[in-house]
Trainee: 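Let me begin by handing over the structure; questions about it come next.
Below, chain A is the first sequence line, B the second, and so on; all start at residue 1.
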Amino acid sequence: MLDLRFVRAHPEVVAEALRKRGSEISLEPFLELDRKWREKLAAADQLKNRRNVVSEEIGRRKKAGEEAEELVREMREVSARIKELDEEIRDLEEQIQMALLQIPNIPHESVPVGRDSSDNVEVRRWGEPRKFDFPPRPHWEIGEALDIIDFERGAKVAGARFSFYKGAGARLERALINFMLDLHVKHGYVEVFPPFIVNADSMVGTGQLPKFAEDMFKLEGRSYYLIPTAEVPVTNLYREEIIPAARLPIYHCAYSACFRAEAGAAGRETRGLIRQHQFNKVELVKFTRPETSYEELEKLTADAERVLQLLGLPYRVVCLCTGDLGFAAAKTYDLEVWLPSYGEYKEISSCSNFEDYQARRANIRFKEPGGRPRFVHTLNGSGLAVGRTVAAILENYQQEDGSVVIPEVLVPYMGGQERIEPVK
RNA sequence: GGAGAGAUGGCCGAGUGGAUGAAGGCGCUCGACUCGAAAUCGAGUAGGCAGCCAAAAGCUGCCUCGUGGGUUCGAAUCCCACUCUCUCCGCCA
């Protein structure tokens, strides 16, 4: 969330940011609430001061055996009035907090202004899409033909948008997870294995709640949620903490299953591994000083790109425009991998700098010895989404005879297997 | 799931209604002493909000002893609920 004092002092800056994002939110009611809140707060504080001073006096008199009944009577009234004011203040605070949680982050100045994904700006490309001398097949056909992915039984056992991996497919999924984690540990990230279920406070901390509740799976009768990404538990690791400055920057990588309700995605990408209710992902998360977060974003993006380079998968990097930027992000690079079946580049990673937006929500701070606590900057990025990586490998490495060649770096993780052959 | 115990500052720990974010100790920071260090001595050492201020610094006030509520002129201290931790039993991968 944004700093209340910043919104109060620079409403025009916030309004401009909202406009660039294409948001309709008006700040006026919010500013009015804030004015009322400060007024009531000043009144209540004044009365509390009076109560503190007089109560002390009452104590002194009673100890001295003097009369204090008149003061006690006055304080009874003062206390009652304070209680009323406190209730009004609490009510206003709740409304302000709710309003503040609905305001998205301010885009960084380097983010291109635009309406939607068509205005995103390509930053660079890596690799050449392969020229096929036979008609390439989509990954779901390859997966079924090789008997390594089973969508039908996934639907039977769980439902639409669920699948089974089998045999070399299951091993490929596991190989990718291990390969990515090992690579990022080499990049300096400390591996974390997080809970896949978190509480509501954590979801508020990273920005999924209160606005995007319908995108998530919630456990019935409890305020527990299945995580939509490891970003949630890993960023919330340091919620409500003050980190010694010397420990920054902190780098974590984490494997997790990810669960998404995909509300509103009905009919979109219903085939294949691209949009599932459950998928695996290796996530990168950073906690940095505010001064270095944009350098760190470039490095984090490069770390995610390295996975695609080592796998030999052609990709491009795009900078999301203001209209396409996620709610909590100040700047985002998407990595898009080449998918022959789509004939285009498809998102496989999203690397974002949230600046202090999540840190303020989650109250994650750092402190220099002798200094005041300040909010850290948080960043994260997929490194990578595993299901989409499997899809990209199957499609880009498919052979005319129906087999799929295993990228060289994965062969050791596949127990030496170099190729997945069709079953007889 | 059953029974019991507990939650105080960076850490340990005192504190059962009236000066006080809170004795004492440890740790840490700065200073003195020393050629230097140790020891010793001295000073300091939580966070949040509002107001004054362009801002910072500073000053004033309010709030915070797990969380929320209650009693009271006044609560770390009394009452209630919740959360979490620990011990024993049961169950379990």
Side-chain angles (χ1 to χ4, degrees), chain A residues 1-13 30-101 193 195-205 219 221-225 233 236-248 250 257 290-291 356 359-376:
Chain A
M1 87 191 132
L2 300 181
D3 183 359
L4 173 59
R5 277 172 297 193
F6 180 83
V7 181
R8 183 187 296 151
H10 309 285
E12 71 291 341
V13 174
F30 172 81
L31 294 170
E32 181 53 34
L33 280 175
D34 179 54
R35 269 191 292 273
K36 252 199 270 179
W37 170 68
R38 280 181 293 160
E39 202 177 289
K40 301 258 183 203
L41 191 64
D45 279 2
Q46 214 174 337
L47 284 177
K48 284 176 183 174
N49 178 240
R50 169 97 184 127
R51 180 178 66 184
N52 289 343
V53 170
V54 174
S55 287
E56 204 177 298
E57 172 64 16
I58 291 171
R60 209 180 350 262
R61 287 201 193 177
K62 288 211 166 168
K63 222 176 253 173
E66 294 172 21
E67 177 63 37
E69 189 48 39
E70 184 192 326
L71 292 178
V72 169
R73 240 183 293 113
E74 185 200 337
M75 284 310 100
R76 243 196 287 271
E77 274 167 41
V78 168
S79 277
R81 178 68 189 135
I82 287 172
K83 201 172 160 183
E84 280 171 32
L85 277 172
D86 274 348
E87 265 164 41
E88 293 172 40
I89 289 165
R90 203 168 31 229
D91 197 59
L92 285 167
E93 276 170 355
E94 233 166 76
Q95 292 181 51
I96 289 169
Q97 188 68 9
M98 260 308 147
L100 214 45
L101 289 173
F193 200 113
F196 293 179
I197 292 174
V198 298
N199 57 33
D201 284 343
S202 295
M203 287 297 192
V204 171
L219 269 60
R222 296 168 154 272
S223 57
Y224 282 163
Y225 296 82
N236 278 283
L237 251 182
Y238 305 108
R239 176 151 54 82
E240 313 285 339
E241 292 190 28
I242 299 175
I243 302 166
R247 281 182 51 205
L248 296 179
I250 295 173
E291 297 79 18
D356 62 6
R360 184 170 289 105
R361 282 175 164 246
N363 201 20
I364 306 168
R365 291 173 294 174
F366 75 100
K367 199 173 104 147
E368 216 74 65
R372 308 218 121 250
R374 298 163 64 198
F375 290 111
V376 300

Trainee: By nearest heavy atom, map A:Glu87 and A:Met75 onto RNA chain B; which one lands nearer the 5' end?
Mentor: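 It is A:Glu87, whose closest nucleotide lies nearer the 5' terminus.
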Trainee: If B:U34 has a Watson-Crick or G-U wobble mate with both distances under 3.5 Å, name it; if not, just say none.
Mentor: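 Base-paired to nothing in any strand shown.
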Trainee: A:Leu41 side chain: which of B:G47, B:C49, B:G74 is closest?
Mentor: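 Comparing B:G47, B:C49, B:G74 against the side chain of A:Leu41, the answer is B:C49.
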Trainee: Identify whether any heavy atom of A:Lys63 sits under 4.0 Å from a base atom; if not, whether one sits that close to sugar-phosphate; answer base, sugar-phosphate or nothing.
Mentor: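 Sugar-phosphate contact only - A:Lys63 comes under 4.0 Å of backbone atoms but never of a base.
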Trainee: Over 60° means perpendicular and under 30° means parallel, so classify the ring planes of A:Phe193 and A:Phe196, tilted if in between.
Mentor: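 It falls in the parallel class, under 30°.
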Trainee: In whole angstroms, how far is the P atom of B:A54 from the NE2 atom of A:His10?
Mentor: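 Interatomic distance, NE2 of A:His10 to P of B:A54: 14 Å.
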Trainee: If you only use heavy atoms from C-beta on, which nucleotide in B:C49, B:C63, B:G18 is closest to the side chain of A:Ile58?
Mentor: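 Minimum distance to the A:Ile58 side chain belongs to B:G18.
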Trainee: Give A:Arg50 one of three labels, base, sugar-phosphate or nothing, depending on what nucleic acid heavy atoms sit under 4.0 Å from its own.
Mentor: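 The answer is nothing, as A:Arg50 stays clear of every strand by at least 4.0 Å.
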Trainee: Does any nucleotide pair with B:G51 by Watson-Crick or G-U wobble geometry, both distances under 3.5 Å, and what is it?
Mentor: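 Base-paired to B:C59.
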Trainee: Please determine, for the side chain of A:Asn52, which listed nucleotide (B:A50, B:C62, B:G74) has the closest atom?
Mentor: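 That would be B:C62.
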Trainee: Is the shortest side-chain N/O distance from A:Ser79 to OP1 or OP2 of B:G74 below 4.0 Å?
Mentor: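 Affirmative; the distance criterion is met.
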Trainee: Which nucleotide, if any, forms a Watson-Crick or G-U wobble pair with B:U71, using both distances under 3.5 Å?
Mentor: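 By the stated definition (distances under 3.5 Å), nothing pairs with B:U71.
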Trainee: Does B:C86 pair with anything, Watson-Crick or G-U wobble, both distances under 3.5 Å, and if so, with which nucleotide?
Mentor: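 WC or wobble partner is B:G4.
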Trainee: If you check the A:Trp37 side chain, which of B:A19, B:C73, B:A50 turns out closest?
Mentor: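 For A:Trp37, the side-chain atoms sit closest to B:A50.
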Trainee: Please classify the nucleic acid contact of A:Arg61 as base, sugar-phosphate, or nothing, using heavy-atom distances under 4.0 Å.
Mentor: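 Contact class for A:Arg61: none.
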Trainee: Pick one: which of A:Glu57, A:Glu56, A:Glu74, A:Glu77 meets salt bridge (charged side-chain N to carboxylate O under 4.0 Å, His left out) with A:Arg50?
Mentor: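 Only match with A:Arg50 under salt bridge (charged side-chain N to carboxylate O under 4.0 Å, His left out): A:Glu74.
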Trainee: Using Watson-Crick or G-U wobble geometry with both distances below 3.5 Å, tell me the partner of B:U20, or none.
Mentor: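 The answer is none; no pair meets the criterion.
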Trainee: What is the nucleic acid contact for A:Lys83, judged by heavy atoms within less than 4.0 Å: base, sugar-phosphate only, or nothing?
Mentor: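 The answer is sugar-phosphate, as A:Lys83 gets under 4.0 Å only of primed atoms, P, OP1 or OP2.
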Trainee: Looking at B:G74, B:C49, B:G47, which one has an atom nearest to any side-chain atom of A:Arg5?
Mentor: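 The closest nucleotide is B:C49.
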